[in-house]
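In the text below, chain A, chain B and the rest are named by the order of the sequence lines, each starting its count at 1.
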2 protein chains.
Amino acid sequence: MTQPKTDLRVLRTRKLIMDSFIELSSKKEFKAITVKDITSEAMINRATFYYHFEDIYDLLEKALSEVLLVNLNVDTYQNEELNEEAFVCIFQAITNFQKSLSTRCHRGYEDTIARIIRDQLEIIFYKMLLKQNGTKEDEALKMTAVILSWGIYGASVEWRNSSQEKHPEEFIKPTIPYLMAGIDFKREEI
Amino acid sequence: MTQPKTDLRVLRTRKLIMDSFIELSSKKEFKAITVKDITSEAMINRATFYYHFEDIYDLLEKALSEVLLVNLNVDTYQNEELNEEAFVCIFQAITNFQKSLSTRCHRGYEDTIARIIRDQLEIIFYKMLLKQNGTKEDEALKMTAVILSWGIYGASVEWRNSSQEKHPEEFIKPTIPYLMAGIDFKREEI
DNA sequence: TTTCATGTGTTGTATAAACAACGATTCGAA
DNA sequence: TTCGAATCGTTGTTTATACAACACATGAAA
């Protein structure tokens, strides 16, 4: 638990790079953004970029993960149980996130972004399930998290395709009994 | 002329400090701002602050100078002659700058700020006079720059006290013949 | 085809900045 | 008054970053 406290320069540099990337993303589409663009905007040397990130795809991954986590307001959920309200909040966070992305142009990278969102969802669901059920059914919990993340993400795609006519909350509500049932099923097993 | 190109880290750090200071200035009055506040906001170590600035007054000086210079758009004026239009532009820049300051609270530091503005004006006037008249009458040029800087600054104080009822341009226009005459006087001497 | 320009990813060395520690002030509360 | 906490300003050591240079890839123009 006693982590060695990362150097302030590291935190600052990562922040500068991420902020610059997000800033540039609102102006250009991803394909048009070069490492040089980012490092110029961030006022850091190009070599330093490679000290922190594998390449620009690695940055995309980490930047989007972070933005998504902020949207999800992780600190709040992590201490709550996975109830009806939590599902609604998480679904709304995803639709908000997708709306914010749609204004920018990330054509050709939808699949990458989709994967990033699902990965993050899976992590969050797994943590919440672990808190409620302990480590006994670990494999089952992991699979449940996988299914929930794909399912919720799929619902958000469906919501986008439906021209967003319904409010996200109304859209997801009908499915919640089914989602909750799956979790209760786990409880019975214990 | 071949300047040794300052390290990117230096430029970045100075910018972070200055930006943070200006940001904090819009929230607190100068007396309430500590070095710790600035370095926390800028994400730099406190020791680094003292590597770049004597103390917080030194920062105030340099930060205001820079903001003022940006307002004055120095690059434009430096290549122009000191004509009627230049006087109007410079006066407008000062009144703009003063308006931007008045929203913040720098109570008790008006005199310091006044001095900084005059110092910068003096530098600019001297450069422009030097370009027009050469180095022959150097002492006289310096004194002229001093008088112009105090005079123009005084006019801006007068404009502020007049409740800003007139547009700055109209306010300064009547005095321009007098200001220009002083400069022409110098030409006759050559 | 060649050529030229621009971007990628990496490396060795120099240096700005982080860190931790210190004594000295300042200042408000006990 | 004394105490304690916060801020100031400084120093020696460690480390992240700048810089310059490199080979390689891509792509557009000649």
### Task
Report, as a single string ordered 5' to 3', how protein heavy atoms within less than 4.0 Å touch nucleotides 16-28 of chain D: B base, S sugar-phosphate only, - not at all.
BBSB---------
### Query
In whole angstrom, what separates B/D55's CG from D/dT7's C1'?
13 Å
### Query
Taking atom CD of B/E66 as the centre, does the number of heavy atoms from other residues, nucleotides or ligands within less than 6.0 Å exceed 12?
no
### Task
Begin from the C-alpha positions of B/N45 and B/Y51 and carry the test side-chain hydrogen bond (donor to acceptor under 3.5 Å, both in side chains) through to its verdict.
CA-CA 10 Å; B/N45 191 279; B/Y51 180 86; over 6 Å; no
### Query
Taking only residues two or more places apart in sequence, or in another chain, which ones meet A/D55 in a salt bridge (charged side-chain N to carboxylate O under 4.0 Å, His left out)?
none
### Query
Rounded to whole angstroms, how far apart are CZ on B/F53 and P on D/dC8?
15 Å
### B/Y50 OH to C/dC22 P, straight-line distance once rounded to whole Å
19 Å
### Message
In this structure, how many angstroms lie between the C1' atom of D/dC8 and the CD atom of B/E54, rounded?
### Response
14 Å
### Message
Does any part of the side chain of A/Y126, heavy atoms only, come nearer than 4.5 Å to the side chain of A/T144, both counted from C-beta?
### Response
no
#### Entry: Proximity of A/F53 and A/F21 rings by center, below 6.0 Å
no
### Query
How are the rings of B/F91 and B/F171 set relative to one another: parallel (under 30°), tilted (30 to 60°) or perpendicular (over 60°)?
parallel
